[in-house]
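As structure tokens, the structure follows; a few thoughts come after it.
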Amino acid sequence: MGIINVTPDSFFDGGLYASTESAIRHAIQLIKEGADILDIGGESTRPGSVAISTEEELCRVLPVVRGLVRMGIPISVDTSKPEVMHSVIEAGAVMINDINALQEPGALEVISVSGAVVCLMHKQGDPHNMQINPRYNNVITEVTSFLRRRLEVARIAGIRHEQLVIDPGFGFGKRLEHNLELLRCLDSFLSMGVPMLVGLSHKSMLQEITENKIDNRIHASVAAALLAAMKGAKILRVHDVKATKDALAVYNSINTSSKKR
Ligand code: 9MG
């Protein structure tokens with residue numbers, strides 16, 4: 001899953017692809033690099049970011065969604081607002097990436113009625129305050145029980161099993177120790193029986209590990225994505241599509257080459 005941020009303030013590429021034209025150009029590049037799906041976001045969710053209005057978000061994402069749907073690549077939109085979900089699905093998006101796990105009133109209904117795929121992500125707090133002293137007694141059991149509850153609520157609302165994806169939410173109200181514990185135990189989330197999406201690309205936890213600044217985290221991002229894939233993640237949300245695809249090709253080759261023999 002290639003990331004397209006149509007935002008002036010995202011943590012890694014904020015402002016770089018803020019116009020419709022540059023976002024579409026960037027998307028075409030990621031398709032060439034081998035992205036299987038694109039995630040379009042109009043509102044930054046980095047720590048400390050401020051929410052924007054529904055109108056502003058629609059203004060940013062809708063033209064990009066319309067432009068890309070014509071190219072035939074599956075489009076996901078990163079949003080928590082039911083009105084935005086409704087409009088982008090109508091425009092052809094097939095997936096909603098909701099960091100708020102459909103907790104906004106009306107969100108469950110939009111997904112249930114539309115049949116779109118949805119990613120339910122865990123976070124503690126909200127982007128503007130989530131990195132202020134996050135606390136867990138046991139991060140694995142707390143994230144698991146939240147995701148299990150949201151899956152149950154989604155099913156009760158009529159959302160089908162095939163529509164559901166989960167995500168432990170790296171960096172969303174988590175310290176390094178919590179993120180590392182999640183990465184170590186990532187395979188435990190497979191027991192929920194739905195595909196897992198993971199986003200680690202260029203996140204600040206990689207700076208804490210490597211001491212590399214934001215413009216020098218590509219190697220760590222690829223290593224983290226590969227680790228997540230080896231632990232069973234099915235969708236990797238990344239900025240560096242080509243580099244990640246190459247790493248995955250090496251990983252996948254050991255399975256396919258043993259079958260050939
Ligand atoms: C929007 N966004 C930023 N980071 C993310 C992550 O780790 N997962 C998902 N699902 N969305 C994310």
Side-chain angles (χ1 to χ4, degrees), residues 1-7 9-14 17 23 35-52 57 60-61 64 74-81 84-85 88 93-104 107 111 116-128 130-131 134 139 143 146-147 150-151 154 163-176 178-180 182-183 186 189 192 194-207 214 217 220-221 224-225 227-229 231 233-240 244:
M1 171 184 268
I3 302 170
I4 306 289
N5 285 319
V6 199
T7 55
D9 58 341
S10 281
F11 74 97
F12 177 53
D13 51 7
Y17 312 110
D36 298 307
I37 180 165
L38 294 173
D39 191 39
I40 320 288
E43 179 173 71
S44 173
T45 52
R46 73 181 160 81
S49 61
V50 181
I52 59 168
E57 196 176 331
R60 292 180 186 180
V61 296
V64 180
I75 298 297
S76 161
V77 174
D78 150 25
T79 186
S80 298
K81 297 189 182 77
V84 176
M85 293 176 188
V88 297
V94 293
M95 176 170 175
I96 297 297
N97 172 24
D98 185 2
I99 65 155
N100 200 33
L102 302 181
Q103 292 179 96
E104 193 67 27
I111 300 301
V117 172
V118 64
C119 176
L120 305 171
M121 198 196 77
H122 173 274
K123 63 176 171 53
Q124 188 180 94
D126 288 308
H128 72 274
M130 65 191 179
Q131 288 309 109
V139 68
V143 171
F146 172 83
L147 291 174
R150 294 313 298 164
L151 285 172
Q163 290 173 253
L164 294 162
V165 172
I166 51 160
D167 180 348
F170 284 95
F172 282 83
K174 284 133 190 144
R175 298 173 198 274
L176 179 61
H178 304 134
N179 289 318
L180 292 180
L182 285 172
L183 196 48
L186 206 53
F189 296 107
M192 279 182 247
V194 295
M196 177 166 56
L197 184 156
V198 165
L200 287 150
S201 190
H202 292 260
K203 291 207 169 160
S204 63
M205 63 177 275
L206 302 175
Q207 174 165 337
I214 189 84
R217 295 184 196 159
S221 296
L227 246 176
K231 295 252 180 196
K234 283 285 178 293
I235 306 175
L236 303 169
R237 187 178 180 276
V238 302
H239 299 88
D240 312 293
T244 310

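A quick note: this is a predicted structure, and the numbers were derived from the prediction, not measured. In listed order, ligands and their atoms are each counted from 1.
Residue D39 does not touch ligand 1, judged by heavy-atom distances below 4.0 Å.
With S201 contributing its side chain and H239 its backbone, the two residues share a donor-acceptor pair below 3.5 Å. At least one donor-acceptor pair closer than 3.5 Å links the side chain of R150 to the backbone N or O of L102.
Distances from ligand 1 to the non-hydrogen atoms of K203 include at least one value under 4.0 Å.
For ligand 1 and D78, the ligand atoms under 4.0 Å from any heavy atom of the residue are 1 (C). Remark: ligand 1 atoms within the under-4.0 Å shell around heavy atoms of G199 are 7 (O).
Residue P168 is tested with N179, L197, L183, L182 for a side chain to side chain contact (heavy atoms under 4.5 Å, CB included); the sole match is L182.
The structure places CD1 of I235 at 8.0 Å from OG of S76, a figure rounded to the nearest 0.5 Å.
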